[in-house]
Enquirer: 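Have a look at the structure that comes next, please.
Residue numbering restarts at 1 for every chain, and letters A, B, ... go by the order of the sequence lines.
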Protein chains: 2
Amino acid sequence: SIGYSFKDKSHIVKAFTHSSYYDNTITGCYQRLEFLGDAVLDYLITRYIFEDKKEFNPGELTDLRQALVNNSYFGCLAVKYCFHKYLKYLSCTGMGIIDAFDKKFKSNEKEIIYGHFLLINENETEQSEDVEVPKILGDIFESVAGAIYLDSGFSLDAVWKVYYPLIKSELEYFSENVPLHPIRMLYEADEKTKFEKAIVLDSKRVIVNLWFRGELYEGEGRNTKFAKIVAAKKAVKTIAKVAV
Amino acid sequence: SIGYSFKDKSHIVKAFTHSSYYDNTITGCYQRLEFLGDAVLDYLITRYIFEDKKEFNPGELTDLRQALVNNSYFGCLAVKYCFHKYLKYLSCTGMGIIDAFDKKFKSNEKEIIYGHFLLINENETEQSEDVEVPKILGDIFESVAGAIYLDSGFSLDAVWKVYYPLIKSELEYFSENVPLHPIRMLYEADEKTKFEKAIVLDSKRVIVNLWFRGELYEGEGRNTKFAKIVAAKKAVKTIAKVAV
């Protein structure tokens with residue numbers, strides 16, 4: 001239980017209804033609530049990190065917000081707090097991908113969440129691959145926030161009361177240890193850092209090659225953004241090693 | 001006057017102080033306030049368009065927010081309401097660019113604002129170029145919102161009371177006439193729409209070629225994003241003509 005009791009149950013039903021779920025013709029799908037919840041969470045988290053006594057500089061604020069208001073991070077939390085058990089979604093392939101992520105996540109919760117925050121774990125093996133979080137999971141984490149906001153008569157406090165406990169541990173940890181975006185880290189270390197043009201495979205997956213300090217790094221992902229981050233994370237490890 | 005009286009004047013001084021302005025060592029520059037104001041305006045505008053009785057679909061909400069919570073649009077408003085007269089900015093080139101934009105804007109206010117919203121004006125000549133809005137103008141429109149928010153003790157109502165009148169006319173007009181993002185329009189009209197790799201000129205300006213329905217369109221701008229939009233706007237006109 002998330003600790004909020006809905007006055008109008010249709011709000012929470014809608015928050016969990018994917019557009020594929022034609023059976024529910026009464027409430028419609030979660031997309032409008034997701035749009036609303038995204039803005040509400042963005043505002044609440046931005047306010048929280050702005051008020052931090054350390055008075056983060058603008059670059060730190062940007063990196064923190066990018067890490068904390070983030071579909072992949074929200075997707076991890078959706079699985080952690082079992083939001084996906086309530087999802088109404090008519091796609092066997094889709095549900096299979098979600099279940100597979102659920103299993104993977106439960107087997108190594110901390111590393112996946114922290115890995116998302118781009119920390120360089122010394123113990124991480126070369127083989128550890130980047131885990132892609134199904135987008136639909138982050139979506140419902142946002143749509144439920146939108147549903148609470150709407151149901152409570154546009155109360156930001158009502159949303160924060162439910163969501164703050166869910167994000168508290170990363171909020172506190174990463175406010176102490178501001179994550180740096182790997183692509184930004186590379187440009188700061190070497191302004192000649194350069195991504196080559198993305199290559200789209202027949203499987204629709206994307207490969208991006210990255211030049212950093214004269215070395216070539218390859219990243220693969222479901223889109224260009226992910227592929228770039230995967231390549232950048234490989235290259236960033238070389239900075240971390242040098243720093244040690 | 002914007003109709004808000006600051007309890008602590010240092011907030012508004014900070015909101016207008018660019019990081020180049022070393023003279024002001026007391027308040028620091030506007031970047032943290034810009035970060036805060038951006039989130040506040042995003043939330044307030046999102047809430048407004050979400051509550052619209054027409055119940056926009058998710059695509060319309062996304063397009064509206066993208067058009068309304070937008071550095072270029074905010075920059076137009078900063079000049080319209082003379083925010084730039086208070087800017088503390090130590091760069092002659094920079095100030096020259098702002099003055100030039102100010103003159104251009106005053107000569108054709110409506111077309112520039114509406115052009116930003118990507119409307120296809122039938123009377124627009126082939127030569128009419130896309131006007132680039134200096135980023136610093138949008139920044140101070142946001143930082144002043146951040147300053148009011150902070151000065152009023154985190155009151156969203158205080159910000160909305162000042163900002164709603166400033167954005168009211170576009171908010172109402174574009175809620176009636178939802179702008180479509182030109183790039184999205186092209187993909188909706190022809191899913192084989194394709195941008196070629198950006199070419200960076202010696203002048204740092206960027207050229208992007210776009211293939212749409214077998215025709216080539218060229219866009220030029222200060223970065224890839226602008227160059228793509230310029231190319232897309234050219235191509236979009238062919239759809240509009242066909243539709244007429």
Enquirer: Counting C-beta onward and ignoring hydrogens, is there a side-chain heavy-atom pair between B:Tyr86 and B:Ile12 closer than 4.5 Å?
Expert: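 A side-chain contact is absent here, since even the closest heavy-atom pair is not under 4.5 Å.
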
Enquirer: Under a 4.5 Å heavy-atom cut-off, does chain B meet the side chain of A:Ile45, its backbone, both or neither?
Expert: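 Neither; nothing under 4.5 Å.
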
Enquirer: Going by salt bridge (charged side-chain N to carboxylate O under 4.0 Å, His left out), name the residues that satisfy it together with A:Glu51, two or more places apart in sequence or in a different chain.
Expert: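 A:Glu51 satisfies salt bridge (charged side-chain N to carboxylate O under 4.0 Å, His left out) with A:Arg47 only.
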
Enquirer: For each of B:Val40, B:Leu156, B:Asn57, B:Asp42, tally heavy-atom pairs with chain A at distances under 4.5 Å, and name the one with the top tally.
Expert: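 Looking at each of B:Val40, B:Leu156, B:Asn57, B:Asp42 in turn, B:Leu156 comes out on top.
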
Enquirer: Honestly, is B:Arg32 close enough over A:Phe56, meaning NZ or CZ under 6.0 Å from the six-membered ring centre and within 45° of the axis?
Expert: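 No, B:Arg32 does not lie over the aromatic ring of A:Phe56.
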
Enquirer: Is atom NZ of B:Lys54 surrounded by more than 12 heavy atoms (other residues, nucleotides or ligands) closer than 6.0 Å?
Expert: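 It does: B:Lys54 NZ has more than 12 such atoms within range.
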
Enquirer: Select all residues of residues 198-210 of chain A having any heavy atom within less than 4.5 Å of some heavy atom of chain B, and report them by number, or 'none'.
Expert: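 Hits under 4.5 Å: none found.
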
Enquirer: Assess the side chains of B:Ser155 and B:Asp157: does a donor N or O sit below 3.5 Å from an acceptor N or O?
Expert: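 No - no donor-acceptor pair under 3.5 Å links their side chains.
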
Enquirer: Does the side chain of B:Asn223 reach to within under 4.5 Å of the side chain of B:Phe226, using non-hydrogen atoms?
Expert: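 B:Asn223 vs B:Phe226: side chains touch.
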
Enquirer: Do A:Lys228 and A:Phe195 form a cation-pi contact, if we require the NZ or CZ to be under 6.0 Å from the six-membered ring centre and within 45 degrees of the ring's axis?
Expert: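 Yes, a cation-pi geometry holds between A:Lys228 and A:Phe195.
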
